Asks: 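Can you read through this structure? Questions will come right after.
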Amino acid sequence: MTQNTGTEQGLTVVVTGASGRTGSRVAEAARAAGMTVRAASRTRGFDWRDRSTWAQVLRGADAAYLVYPSDVGAPDAADAVGCLAREAVGLGVRRLVLLSARGEEQARPTEEALRTSGAQWTVVRAAWFAQNFSEGPLVAELREHGELVFPGGAVREPFIDVRDIADVVVAAIGAGDRYAGQVLEVSGARLLTFGEAVAEIAAATGRELSYRAVPAREYGERLAGFGVPPEELDFVVDLFESLLDGRNAHLSDGVREVLGREPRDFGQFVREAATAGVWKP
Ligand SMILES: NC(=O)c1ccc[n+]([C@@H]2O[C@H](COP(=O)([O-])OP(=O)(O)OC[C@H]3O[C@@H](n4cnc5c(N)ncnc54)[C@H](OP(=O)(O)O)[C@@H]3O)[C@@H](O)[C@H]2O)c1
């Protein structure tokens, strides 16, 4: 096990998805490590779908954290990430860290596009986020209707706190070439079914909350209501069917390897989010 808490002060880091779940924490952790953050999202004039917006964000930076919306395995992700990575390298931004997902075969072309870009790359493959229960489309259902409807069956998943992802990303960026050319798989500390996760939230909030498993195909019909565009529905349903087949029911030790400490426990996440009133109706 390697302990690495050192960071390179003064680096300028482009953080894509900076208003999102992981990007906001990466920005916070990078600032805390003494780095200068260039937040990149559409409100800041950076659009993954408009290549003319990329150079102004990248020019003069040392590193970038890449988050592809809405999914790293989306059909257009490999092309966009590959093009951006090559442009970044051309502008001298060689240190690139991509957020990917454990067990997601659909994401491998995107990872490959980064690997062949000439960048000093690192891929962080994450488990399902604990914050899927507190931020994003799932939380409203749980908060307002007391029920989580999801195609997670009874599979077990080691939900990871996005703050741990951020700490790993920032440590990797700050560690020079220590993690260059590596895939880091990161997970939380415990395997839980979606039902057990909801039960922990119910216990912490004192509310009657439940989980109802549905087939991925049936869930697809609900996705349109969450704003998933029609052309992405088949991809997302396929993604859930494959990712939630039990392939990820194991722990990964990337957090320990990079940070030299245990991942935050799901219980800690639940207590903090409950105290913040996230699941109050
Ligand atoms: N959820 C999970 O459990 C999980 C697990 C492993 C990996 N992942 C990966 O995590 C990634 C999502 O990360 P996240 O959850 O941190 O993000 P998120 O919370 O979904 O937020 C998306 C971010 O992307 C920005 N964005 C959206 N469209 C954009 C565009 N066209 N151009 C530029 N920026 C855009 C948004 O900001 P604006 O709207 O302001 O532009 C926002 O900052 C996906 O690639 C997914 O595959 C997710």
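We count ligands from 1, going down the list as the structure has it; atoms in each ligand are counted the same way. This structure is a prediction, so every number in the text was calculated from the model and none was measured. Along the sequence shown, residues carry numbers from 1.
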Asks: Distance alone, cut at 3.5 Å: any donor-acceptor contact between the side chains of Arg102 and Ser252?
Replies: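 Short answer, yes.
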
Asks: Are Phe240 and Tyr219, when compared by the centres of their aromatic rings, separated by less than 6.0 Å?
Replies: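 Ring centroids of Phe240 and Tyr219 are less than 6.0 Å from each other.
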
Asks: Taking 4.0 angstrom as the limit and counting only heavy atoms of Ser41, give me the atoms of ligand 1 inside it, by number and element.
Replies: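 Near Ser41, the atoms of ligand 1 are 37 (O), 38 (P), 40 (O), 41 (O).
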
Asks: If I apply the N/O under 3.5 Å rule, does Ala126 come out as touching ligand 1?
Replies: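 No - when backbone and side-chain N and O of Ala126 are compared with those of ligand 1, no distance drops under 3.5 Å.
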
Asks: Is Asp76 salt-bridged to Arg49, going by a charged N under 4.0 Å from an acidic O?
Replies: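 Yes, Asp76 and Arg49 are salt-bridged.
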
Asks: Nearest protein heavy atom to atom 8 (N) of ligand 1, by residue and atom, and its distance?
Replies: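 Residue, atom and distance for the closest contact: Phe129 CZ, 3.6 Å.
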
Asks: Would you kindly specify which portion of Val162 sits under 4.0 Å from ligand 1, judged on non-hydrogen atoms: side chain, backbone, both or neither?
Replies: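 No part of Val162 is near ligand 1 at this cut-off.
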
Asks: Is Asp167 paired with Arg264 through a side-chain N to carboxylate O contact shorter than 4.0 Å?
Replies: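 Judged by the 4.0 Å cut-off on N to carboxylate O distance, Arg264 and Asp167 do form a salt bridge.
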
Asks: Check this for me, if you would: do Asp79 and Arg51 make a salt bridge, where the nitrogen-to-carboxylate-oxygen distance has to be below 4.0 angstrom?
Replies: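 Result for this pair is yes, salt bridge flagged.
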
Asks: Below 4.0 Å, non-hydrogen atoms only: which portion of Thr16 touches ligand 1? Side chain, backbone, both or neither.
Replies: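 Looking at Thr16 and ligand 1, no heavy atom falls under 4.0 Å.
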
Asks: Which protein non-hydrogen atom lies closest to atom 17 (O) of ligand 1, naming both residue and atom, and how far is it?
Replies: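 That would be Arg21 N, 4.1 Å.
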
Asks: Of the protein's non-hydrogen atoms, which lies at the shortest distance from atom 26 (N) of ligand 1, and what is that distance?
Replies: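 Heavy-atom neighbour on the protein nearest atom 26 (N) of ligand 1: Pro69 CG, 3.8 Å.
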
Asks: Strictly below 4.0 Å, N to O, side chains only: are Asp238 and Arg217 in salt-bridge contact?
Replies: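 A salt bridge links Asp238 with Arg217.
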
Asks: Compute whether any side-chain donor of one residue and acceptor of the other, for Thr16 and Tyr68, lie under 3.5 angstrom apart.
Replies: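 The answer is no; no qualifying pair exists.
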
Asks: Using side-chain heavy atoms (C-beta onward) and a distance below 4.5 Å, is Leu138 in contact with Arg143?
Replies: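 The answer is no, as the side chains (C-beta and beyond) never meet within the 4.5 Å cut-off.
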
Asks: What do we get for Val67 next to ligand 1 when only non-hydrogen atoms under 4.0 Å count, side chain, backbone, both or neither?
Replies: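 Side chain only; the backbone of Val67 stays clear of ligand 1.
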
Asks: If I apply the N/O under 3.5 Å rule, does Val72 come out as touching ligand 1?
Replies: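 N/O-N/O distance under 3.5 Å: yes.
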
Asks: With atoms numbered from 1 as shown, which atoms in ligand 1 lie under 4.0 angstrom from a non-hydrogen atom of Arg49?
Replies: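 Once the distances to Arg49 are compared, the set is 31 (N).
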
Asks: Identify the closest protein heavy atom to atom 45 (O) of ligand 1: which residue and atom is it, and at what distance?
Replies: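 Checked against all protein heavy atoms, atom 45 (O) of ligand 1 sits closest to Tyr68 O, 2.6 Å.
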
Asks: Do we see a donor-acceptor contact under 3.5 Å between the side chains of Gln182 and Thr122?
Replies: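 No pair is found: no donor N or O on one side chain lies under 3.5 Å from an acceptor on the other.
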
Asks: When you look for heavy atoms under 4.0 Å from ligand 1, do you find them on the side chain of Ala18, its backbone, both, or neither?
Replies: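 Within the 4.0 Å criterion, Ala18 contacts ligand 1 through backbone atoms alone.
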
Asks: Quick one: do Glu185 and Arg125 make a salt bridge, cutoff under 4.0 Å?
Replies: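 Yes.
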
Asks: Between Ser242 and Glu105, is there a side-chain donor-acceptor contact under 3.5 Å, judged purely by atom types and distance?
Replies: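 Distance-only check fails for Glu105 and Ser242.
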
Asks: Distance under 4.0 Å to a non-hydrogen atom of Asn132: what atoms of ligand 1 satisfy this?
Replies: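 Atoms satisfying the 4.0 Å criterion: 1 (N), 2 (C), 3 (O).
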
Asks: Before signing off on this row, confirm whether Glu104 and ligand 1 have an N or O atom pair separated by under 3.5 Å.
Replies: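 Looking only at distances, the answer is no, because the N/O contact criterion of under 3.5 Å is not met.
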
Asks: One thing to verify: whether Arg212 and Glu147 come together as a salt bridge, which I'm taking to mean a side-chain N less than 4.0 angstrom from a carboxylate O.
Replies: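 A salt bridge is present here (some side-chain N lies under 4.0 Å from a carboxylate O).
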
Asks: Do Ala101 and ligand 1 have an N or O pair less than 3.5 Å apart?
Replies: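 No, no N or O pair falls under 3.5 Å.
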
Asks: Can you tell me which residue and heavy atom of the protein come closest to atom 31 (N) of ligand 1, and the distance to 0.1 Å?
Replies: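 Looking only at protein heavy atoms, the one closest to atom 31 (N) of ligand 1 is Asp47 OD1, 2.9 Å.
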
Asks: Applying the salt bridge (charged side-chain N to carboxylate O under 4.0 Å, His left out) test to Arg190, which of Glu196, Glu157, Glu200 qualifies?
Replies: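 For Arg190, the salt bridge (charged side-chain N to carboxylate O under 4.0 Å, His left out) test succeeds with only one of Glu196, Glu157, Glu200, which is Glu200.
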
Asks: Considering only non-hydrogen protein atoms, determine which one is nearest to atom 39 (O) of ligand 1 and report residue, atom name and distance to 0.1 Å.
Replies: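 The closest one turns out to be Arg42 NH2, 2.7 Å.
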
Asks: Does Ser100 reach ligand 1 with a nitrogen or oxygen that is under 3.5 Å from one of the ligand's nitrogen or oxygen atoms?
Replies: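 Ser100 vs ligand 1: no N/O contact under 3.5 Å.
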
Asks: In terms of residue, atom name and distance, what is the protein heavy atom nearest to atom 21 (O) of ligand 1?
Replies: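 Atom 21 (O) of ligand 1 sits closest to the protein heavy atom Gly20 CA, 3.5 Å.
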
Asks: Is Ser19 close to ligand 1, meaning an N/O of one under 3.5 Å from an N/O of the other?
Replies: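 There is such a contact, yes.
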
Asks: Assess whether a salt bridge exists between Asp164 and Arg261, defined as any Lys/Arg side-chain N lying under 4.0 Å from an Asp/Glu carboxylate O.
Replies: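 Yes, Asp164 and Arg261 are salt-bridged.
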
Asks: Identify the closest protein heavy atom to atom 24 (O) of ligand 1: which residue and atom is it, and at what distance?
Replies: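 Atom 24 (O) of ligand 1 sits closest to the protein heavy atom Gly17 CA, 3.7 Å.
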
Asks: Just to verify, which of Phe133, Phe129, Phe269, Trp128 counts as forming a ring pair (Phe, Tyr, Trp, His ring centres under 6.0 Å) with Phe159?
Replies: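 For Phe159, the ring pair (Phe, Tyr, Trp, His ring centres under 6.0 Å) check succeeds only for Phe133.
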
Asks: Distance below 4.0 Å between atom 36 (C) of ligand 1 and any protein heavy atom?
Replies: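 Yes, there is one.
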
Asks: Just let me know how Ser70 lines up against ligand 1, side chain, backbone, both or neither, with a heavy-atom cut-off below 4.0 Å.
Replies: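 Backbone only; the side chain of Ser70 stays clear of ligand 1.
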
Asks: Quick check: does Leu99 get an N/O under 3.5 Å from an N/O on ligand 1?
Replies: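 No, since none of the N or O atoms of Leu99 sits under 3.5 Å from an N or O of ligand 1.
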
Asks: Please identify which atoms of ligand 1 are closer than 4.0 Å to at least one heavy atom of Ala127.
Replies: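 Listed by number with element, the hits are 5 (C), 6 (C).
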
